[in-house]
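All values below were derived from every heavy atom in this structure, side-chain atoms included, with hydrogens, water molecules and symmetry-related copies excluded.
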Amino acid sequence: TMQFTLKQARAYAGLTQAEMAKNLRIDRGTYIKLEKDPSEATVRQLNAISQITGIPLTEIFLGCNSTNVESTT
């Protein structure tokens, strides 16, 4: 499956950071932190991001930004 970072998911939906933050009812600065470290996002925020972007939660990459783990199967 394809994996999207939060930034890629937002861009796919055609939203700015400010628009995504407004949709999530959080400060833009808080949203920027989530893009940098998605492990800080709450389940509610992740579910909302999935709904807003139309990307299934299972396809949103939440691990370390510097390492993309690929399936070995």
Side-chain angles (χ1 to χ4, degrees):
T1 59
M2 178 95 179
Q3 291 279 287
F4 293 85
T5 63
L6 291 183
K7 183 176 182 177
Q8 289 168 332
R10 174 180 55 77
Y12 174 83
L15 297 171
T16 65
Q17 289 174 329
E19 290 167 336
M20 181 62 90
K22 186 176 180 183
N23 280 320
L24 296 173
R25 295 187 176 104
I26 60 175
D27 183 75
R28 179 173 175 262
T30 302
Y31 178 74
I32 291 169
K33 288 178 188 167
L34 294 184
E35 280 194 358
K36 290 182 178 156
D37 185 5
S39 67
E40 296 291 314
T42 66
V43 171
R44 180 176 289 183
Q45 287 169 336
L46 293 172
N47 283 328
I49 289 167
S50 175
Q51 287 185 328
I52 291 162
T53 62
I55 297 171
L57 196 51
T58 55
E59 293 184 19
I60 296 176
F61 182 66
L62 303 173
C64 175
N65 288 336
S66 63
T67 310
N68 196 339
V69 179
E70 296 200 13
S71 175
T72 55
T73 56

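Minimum heavy-atom separation, Ala9 to Thr53: O-CG2, 3.4 Å. Closest heavy-atom contact between Leu34 and Leu6: O-CD1, 3.3 Å.
Applying the side-chain contact (heavy atoms from CB on, under 4.5 Å) criterion to Ala11, with sequence neighbours excluded, gives no partner residue.
The stretch residues 5-50 participates, sequence neighbours left out, in these ring-ring contact (aromatic ring centres under 6.0 Å, His included) pairs: Phe4-Tyr12.
In this structure, NZ on Lys7 lies 10.0 Å from CD1 on Ile32, to the nearest 0.5 angstrom. The CD1 atom of Ile55 lies 8.0 Å from the OG atom of Ser50; values are rounded to the nearest 0.5 Å.
Of the possible donor and acceptor atoms, none in the side chain of Gln51 sits under 3.5 Å from a partner among the backbone N and O of Pro56. In this structure a side-chain-to-backbone donor-acceptor pair under 3.5 Å is present from Gln45 to Thr42.
Note on Leu57: it clusters hydrophobically with Met2, by side-chain heavy-atom contacts below 4.5 Å among ILVMFWY residues.
Side-chain contact between Leu46 and Leu62: present, with at least one pair of heavy atoms (C-beta onward) separated by less than 4.5 Å.
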Identify all side-chain donor-acceptor contacts of residues 20-28 below 3.5 Å with residues at least two apart in sequence or on another chain.
from	atom 1	to	atom 2	distance (Å)
Asn23	ND2	Glu19	O	3.2
Asp27	OD2	Gly29	N	2.9
Arg28	NH2	Gln17	OE1	3.0

